[in-house]
Every structure is written in C-alpha cells, then in structure tokens.
**Q** 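Sharing a structure below in structure tokens format, with a few things to ask.
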Amino acid sequence: MFRWPSFPDELPGFDTSSAPAKPHDLFLDWVAEAGEHVLAPHAVTLSTVDEDGPDARVVVLRGVDDDGWAFSTSLDSPKAAQLDQDPRAALTFFWPGRGRQVRLRGRVSHAPAEASADDFDNRSPLSKAEVLLGHQSEVLASHEELVRAGAEVERALAENPELRPVSWQRYVFAPTVAEFWQGAIDRRHVRLRYRLEDGGWVRELLWP
C-alpha cells in the first residue's frame, strides 16, 4: 500500500462565505495563487468520451473569461474527433502543493477562426513546429523519423514565419458545474460547488 504524503504540512484556507458569485473569478484567484507555488498550474486533464468509452489527457489552459475555459488542439487529433462527436467534456485541475482541486463539467464549442489563428501565432517557435509536424497519435516507426521530420518543419518555418496550419482549433469550454476542493490536514476538506441554474450560478457546500 502506498504511503507517500499527500500534501505539505501547511495548506491555504478556503473561506467559502467570501467566494465570488461566478466560478470563473474564483478559478482565476486560485490558479494565480497556485502559480506562485507550483509548476504548470495551467496544466489540466481534459476528459472526453467516444464509442469506446472515456478518455483523458493533460493539455494546457490558454485562458479564462466569461465565455469559458480555452484550450487548443489540431482538428486531426483524437480528442478533436471525440469532441466533434460528443461536445460534453470535463476539466480537472490538481495542485497537490496547495491541496487544491478544481473539477468542471460542461460542453465545448469552436472559437472563431481568428481566435484560433491568434492562438497559433502566440505560440513559441518550437510549439509552432510541433503543431505543423502533425500526425498526432499516429504510429511512429522510429524516433529518428520524428527528428528528421521535425528538422524539416523547423527549416520551413524559419523560411516562412507566416506558416499556419488550417487544422489548428481553439476550443471554449463552458461549464455547467464547477467544484472547488480544498484539502485539510484534519481531513475536514472543504468543497464548494457552483451549479448553473436558470442562467445563474447556485453555490452549495458538499460533504467531503
């Protein structure tokens, strides 16, 4: 049986009585706080479903506003195919160094084409090359093949910095349920759920 420690000896508190009216605002507070203590606070597990069942992978959050949580991927990827088949999805953030978890359930939609283009343009050169390389999740014959193809894409991008894949898509995830979980050393964990009802957010505490 595993017995590694779950959390540090000191954890932040969570005063639910002062939580904002919208989950978006609380999330922005929490992710900013996490960014002061942990690596990659914007890494998120994206869960989807298809005819074979549930699937999950970690992606990078690209932003949050009143429209929702944004992430991007190629339309040729398995997750894009799953989302086009069934737009229901879930996002899970976990920051063990702060004893915090955020769970969201909702639906995704395509952002406008100009938002997808801006998303790609704002990526690093290496990230752009990775996107232009394509073939995500396809079988790879050898690592040497990847190195050669990557070098070719990097050369092409250096010669033409305006290269942009037509398959790059920014998605917007609009939650209908958002739960904020704060761990506690005494195991009296605090759970606050936001639930969308009649166009407004209902807040309710949950048992641990």
Side-chain angles (χ1 to χ4, degrees), residues 1-49 53-73 79 82-83 87-108 111 119 122-124 127 170-208:
M1 183 175 182
F2 299 131
R3 296 191 180 278
W4 293 300
S6 299
F7 305 117
D9 294 336
E10 294 185 9
L11 293 173
F14 182 20
D15 179 9
T16 59
S17 65
S18 62
K22 296 188 301 183
H24 308 62
D25 296 328
L26 181 55
F27 176 82
L28 289 171
D29 287 344
W30 274 31
V31 73
E33 197 275 345
E36 298 177 2
H37 302 276
V38 303
L39 293 174
H42 56 336
V44 55
T45 299
L46 166 66
S47 300
T48 54
V49 67
D55 200 359
R57 78 290 291 158
V58 176
V59 299
V60 172
L61 183 71
R62 302 294 291 175
V64 179
D65 57 26
D66 287 342
D67 292 330
W69 278 246
F71 62 92
S72 303
T73 191
K79 55 184 169 292
Q82 291 167 348
L83 290 171
R88 294 176 299 172
L91 299 181
T92 307
F93 296 85
F94 181 46
W95 305 304
R98 307 308 289 155
R100 285 180 166 174
Q101 179 179 204
V102 180
R103 301 170 57 222
L104 306 109
R105 300 179 69 184
R107 302 173 71 89
V108 302
D119 182 282
N122 287 319
R123 304 180 81 86
S124 69
S127 178
R170 186 180 178 100
Y171 286 86
V172 178
F173 172 91
T176 54
V177 178
E179 181 190 322
F180 293 79
W181 185 95
Q182 174 63 67
I185 300 301
D186 63 5
R187 310 296 295 181
R188 293 183 175 88
H189 311 309
V190 180
R191 295 174 65 187
L192 177 66
R193 180 171 65 191
Y194 289 77
R195 182 168 45 82
L196 194 60
E197 185 176 286
D198 298 328
W201 290 102
V202 176
R203 289 174 291 177
E204 46 201 9
L205 292 175
L206 302 177
W207 283 82

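Counting from 1, the numbers follow the sequence of the chain as shown.
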**Q** For Asp186, is the CG atom crowded, meaning more than 12 foreign heavy atoms sit under 6.0 Å from it?
**A** yes
**Q** Assess whether atom CZ of Arg105 is packed by more than 12 heavy atoms of other residues, nucleotides or ligands within 6.0 Å.
**A** no
**Q** Checking side-chain contact (heavy atoms from CB on, under 4.5 Å) for the pair Val44/Val60: CA distance, chi angles, key distance, verdict?
**A** CA-CA 6 Å; Val44 55; Val60 172; over 6 Å; no
**Q** Begin from the C-alpha positions of Val102 and Thr92 and carry the test side-chain contact (heavy atoms from CB on, under 4.5 Å) through to its verdict.
**A** CA-CA 6 Å; Val102 180; Thr92 307; over 6 Å; no
**Q** Given side chains that start at C-beta, do those of Asp66 and Lys22 come closer than 4.5 Å, heavy atoms only?
**A** yes
**Q** Does atom CZ of Arg57 have more than 12 heavy-atom neighbours from other groups under 6.0 Å away?
**A** yes
**Q** Sub-3.5 Å donor-acceptor pair from the side chain of Arg193 to the main-chain atoms of Glu179, do we have one?
**A** no
**Q** Could you tell me if the side chain of Phe173 sits less than 4.5 Å from the side chain of Leu83, heavy atoms only?
**A** no
**Q** Are any non-hydrogen side-chain atoms of Pro175 and Trp201 less than 4.5 angstrom apart?
**A** yes
**Q** To check you understand the geometry: which heavy-atom pair defines the closest contact between Asp9 and Ile185, and what is its length?
**A** O-CG1, 3.7 Å
**Q** A side-chain contact here means heavy atoms from C-beta on lying under 4.5 Å apart; do Pro12 and Arg98 qualify?
**A** yes
**Q** Just by distance, with hydrogens left out, do Arg107 and Thr176 show a side-chain donor and acceptor under 3.5 Å apart?
**A** no
**Q** If only atom types and distance count, is the side chain of Arg100 paired as donor or acceptor with the main-chain N or O of Ala34 below 3.5 Å?
**A** no
**Q** Show the nearest heavy-atom pair for residues Gly183 and Leu11, with the distance to one decimal.
**A** O-CD1, 3.4 Å
**Q** Do other residues, nucleotides or ligands put more than 12 heavy atoms under 6.0 Å from the CZ atom of Arg103?
**A** no
**Q** To check you understand the geometry: which heavy-atom pair defines the closest contact between Ala43 and Val58, and what is its length?
**A** CB-CG1, 3.9 Å
**Q** Heavy atoms only: give me the nearest Ala89-Leu46 pair and the separation to one decimal.
**A** CB-CD1, 4.1 Å
**Q** Are Val177 and Leu196 packed together at the side-chain level, in the sense that at least one heavy-atom pair is separated by less than 4.5 angstrom?
**A** no
**Q** Parallel, tilted or perpendicular: which fits the ring planes of Phe27 and Trp95, with parallel below 30° and perpendicular above 60°?
**A** tilted
**Q** Looking only at heavy atoms, what is the nearest atom pair of Pro20 and Leu26, with distance?
**A** CG-N, 3.5 Å
**Q** Without swapping roles, check the side chain of Asp119 against the backbone of Asn122 for a donor-acceptor pair under 3.5 Å.
**A** no
**Q** Between Phe180 and Tyr194 (judged by ring centroids, cut-off 6.0 Å), do the two rings come close enough to count as a pair?
**A** yes
**Q** Would you say that Leu205 contacts Thr16 through its side chain, given a criterion of any heavy-atom pair below 4.5 Å between the two side chains?
**A** yes
**Q** Do you know which two heavy atoms are closest between Pro8 and Pro96, and how far apart they sit?
**A** CD-O, 3.5 Å
**Q** Go through Leu61 and Phe93 one step at a time and tell me if the side-chain contact (heavy atoms from CB on, under 4.5 Å) criterion holds.
**A** CA-CA 10 Å; Leu61 183 71; Phe93 296 85; 4.0 Å; yes
**Q** Parallel, tilted or perpendicular: which describes the rings of Phe7 and Trp181, with under 30° parallel and over 60° perpendicular?
**A** tilted
**Q** For the atom pair CZ (Arg188) and CH2 (Trp207), what is the distance rounded to the nearest 0.5 Å?
**A** 10.5 Å
**Q** Answer yes or no: does atom CG of Leu39 have more than 12 heavy-atom neighbours from other residues, nucleotides or ligands under 6.0 Å?
**A** no
**Q** Enter the distance from Phe14:CZ to Leu192:CG here, rounded to the nearest 0.5 Å.
**A** 4.5 Å
**Q** Test Asp65 against His24 for side-chain contact (heavy atoms from CB on, under 4.5 Å), laying out the working first.
**A** CA-CA 7 Å; Asp65 57 26; His24 308 62; over 6 Å; no
